[in-house]
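Note on naming: letters A, B, ... go to the chains in the order of the sequence lines (proteins, then strands), and numbering restarts at 1 for each one.
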Amino acid sequence: MALTTVESEPGRFRSSSPGLRLVLLCILSIVLMVLDQRNQLLVDVRKALAVGLYPMQAMVSAPFSAGRELSDSFTARSTLVAENTQLRQRELLQNSRLQRMAALEAENARLRALLESTVKIDANIVIAEIVSVDMNPFRNMIVINKGSRDDAFVGQPLIDADGIVGQITRDRVFSSEAMLVTDADHAIPVEIARNRLRSIAFGTGELDRLSLPFLPVNADVREGDLLISSGLGGTFPPGYPVGRVRKSQRTTGQQFLDIDAEPAAALNRIREVLLIAPEELILPEPAEAAATEYSSASETVVDTLNATETESTTATTEDL
Amino acid sequence: VARPVRSWPAFLVLFVALALEIVPLPDSMQAFRPPFVVLALIYWIMMWPQRIGLGWAFLLGIALDIMHGQLLGQNAITLTIVAYLTLNFHLQIRIFPLWQLTMTVLALLSADVLIRSLIDGITGTAQAGFGPWIRVLVGTLLWPILMAILDQVRMGAETRPSDFD
């Protein structure tokens, strides 16, 4: 760095007055805010700036991840052995459940093919780690270490072992910003697993509370009910746990129930999340794939479907 | 007094302040994180107005916006305005006694929060609660300590021989 003196400092703006600089920078800020708020023009600018700031974030988070790795490598052997046995037992248990699952999945696929529906339950999953940096203290947001370089995209759902965590709101190149389901700006379409009653779960800004404000007082909601994602809206895949009803209370004079739910995912303890890439987005023509896969069961159905389709297309062309 | 002075300590302090804004804290401590960048900026503009100016305030604001995932330009405009207020009165507040200076810092931090909430209100992302004001209070209480530390840094930079720079 060159030596400078207080008087003779050369600078870009030094000739202009502070008042003029203030006005110019304020106008620039306002232009940036309007562009960022109104449309997507600044997405690439943001991405470029985020890449520039990535080394700093990596530097801040490095000691924390190093500390975790250190504590991992100094774990006592007995603890590891105990953990290993426990994991083995759990794997056995889950494998036995999976055996049934395979049969159920095949049956489900057959039934769906009969219903001409091509919804797939399978999904491609990528594991992402949470970067140890804090975002705005008044929002429930996290940074994960997968970005557009790893095919992460805006709107991609995040889950952990227990349920839905949130979704990606901004992809940087090497990392992404994600909003948790409990953020005050977040809402997720859910249904109650017991009776398929549909509603929307809103975040509250508190890490351990979701709220369901739009269920009428006569709705059948009990404490302990499991909320699963309904798949409406298309962002989240259906069937994943979102939360459990903690309190369902009737207030006299109110039209709606006062319902609080506890998020299923361990939002304040997670280190890793799973990014779901729905298979529908990867396969260009899911209808074809489904048809070939379950041809034995659904041949006739697909044939009739094709027949009706060609009929209808010819009809429309004739109409034209 | 034309005296050779190194300015990198100021940039180092501002960089550290920026890093402190994203260092992970336990959830219960989140609301008490002092506004490090604003405090550091006020100090350096007050003490070295010729080298840390509005341009730097703007750039720091942009960096904060990106790292916090906020509207691009929100922190930039608040930091620029706070920097301008500090710059305008720096000759007076520099010779204030400590308690008066701390009150001035309280006013500047409040201005920062007010402008920010105004923008939040316009864009419809306003959050209820006293969260931001807790940060203002923590920042004000921290100011005397921070100032003592930064004075040491500054004096070191201003008096040390600079032959190996």
Engaged part of [X] at the chain A interface, taking heavy atoms whose separation is under 4.5 Å:
{"X": "B/Ile62", "answer": "side chain"}
{"X": "B/Leu54", "answer": "both"}
{"X": "B/Ile122", "answer": "neither"}

Is [X] in contact with chain B via its backbone, its side chain, both, or neither, using a 4.5 Å heavy-atom distance?
{"X": "A/Leu53", "answer": "side chain"}
{"X": "A/Gln57", "answer": "both"}
{"X": "A/Arg46", "answer": "both"}

If the plane angle is over 60° it's perpendicular, under 30° parallel, otherwise tilted; pick one for A/Phe256 and A/Phe214.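 Rings of A/Phe256 and A/Phe214: perpendicular, as their planes differ by over 60°.
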Give me the ring orientation class for A/Phe236 and A/His186: parallel if the planes are under 30° apart, tilted from 30 to 60°, perpendicular past 60°.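 The arrangement is perpendicular - the two ring planes meet at more than 60°.
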Please determine whether the number of non-hydrogen atoms from other residues, nucleotides or ligands lying under 6.0 Å from atom CD1 of A/Ile127 exceeds 12.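 Counting other residues, nucleotides and ligands, CD1 of A/Ile127 stays at 12 neighbours or fewer.
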Validation row: B/Met147, B/Pro144 side chains within 4.5 angstrom (heavy atoms):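 With C-beta onward as the side chain, the pair stays apart.
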Winner by heavy-atom pair count (cut-off under 4.5 Å) against chain A, out of B/Ala19, B/Gly69, B/Ala76, B/Gly61: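 Winner by heavy-atom pair count: B/Gly69.
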Given B/Ile93, which of B/Asn88, B/Ile42, B/Leu101 fulfils the side-chain contact (heavy atoms from CB on, under 4.5 Å) condition?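 Per the side-chain contact (heavy atoms from CB on, under 4.5 Å) rule, the option paired with B/Ile93 is B/Leu101, out of B/Asn88, B/Ile42, B/Leu101.
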